[in-house]
J.: 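Would you mind keeping the following structure in view while I ask a few things?
As the structure lists them, so they are numbered: ligands from 1, and atoms in each ligand from 1.
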Amino acid sequence: MKYELPTLPYAYDALEPYISEEVMKLHHDKHHQTYVDKLNAAIDGYPEFDSKPIEYFLENIELIPEQIKQAVVNHGGGHANHSFFWNIMKSQGGNVPTGRLLEAIDKEFGDLEKFKDKFSNEAMSLFGSGWTWLVTKESKLKIISTQNQNTPLSEGCTPLIAIDLWEHAYYPQYQNRRAEYVKAWWNVINWENAQSKFIK
Ligand code: MN
């Protein structure tokens, strides 16, 4: 089995004006596709990847053959992270978390605004390319960053939301203004999706 590029769960322009159609087309059709292609090239000849989602291997990286381990971490991580990313955003997002997730955010970070400040500061201070995440680990909420396409799945965490901080995620629209991109991104979060991952 080959891994496949998932279709976006909304139109390319659905996240306008916060994330432009141009960025979404490039990001999904070119960048994500390239991760899928390079992942498929890396696992060619390794039938153990048949019929298992890539997340399974990223959660159990000791199962990845040594010769292709870094390629799978890089490109498999890129495939998993982007598949996750498309789904934690939506058109007309910008609502707020509710219910048990909001209670947990209040408990861990003080309130929603304090959480957003802390998360944004973490995203702004990430050096180089990577991601900032809200995760649960042992039923506790944590903000973490990962370099490159490393995923919190490999650290025993369950991701709830994440922002892609590679320049390809915002440069055509925001150029070097990462802070504007981070601020805009809060408007497109699919909190219902985050909430359902949290309850699970
Ligand atoms: Mn990306």
J.: Search all heavy atoms of Y181 against all heavy atoms of Y174 and return the closest pair with its distance.
T.: CB-CD1, 3.7 Å

J.: Inside 2.8 Å of the Mn ion (ligand 1) but strictly below it, how many protein N/O/S atoms are present?
T.: 4

J.: Is there a donor-acceptor contact under 3.5 Å linking the side chains of E192 and N95?
T.: yes

J.: What is the minimum heavy-atom distance between I144 and C157, and which atoms define it?
T.: CD1-SG, 4.5 Å

J.: Between the side chains of H27 and H32, is a donor N or O closer than 3.5 angstrom to an acceptor N or O?
T.: no

J.: So, is the end of the K116 side chain (NZ or CZ) under 6.0 Å from the ring centre of F119 and within 45° of the ring's axis?
T.: no

J.: Could you tell me if K114 sits above the aromatic ring of F109, with its cationic atom closer than 6.0 Å to the ring centre and no more than 45 degrees from the axis?
T.: no

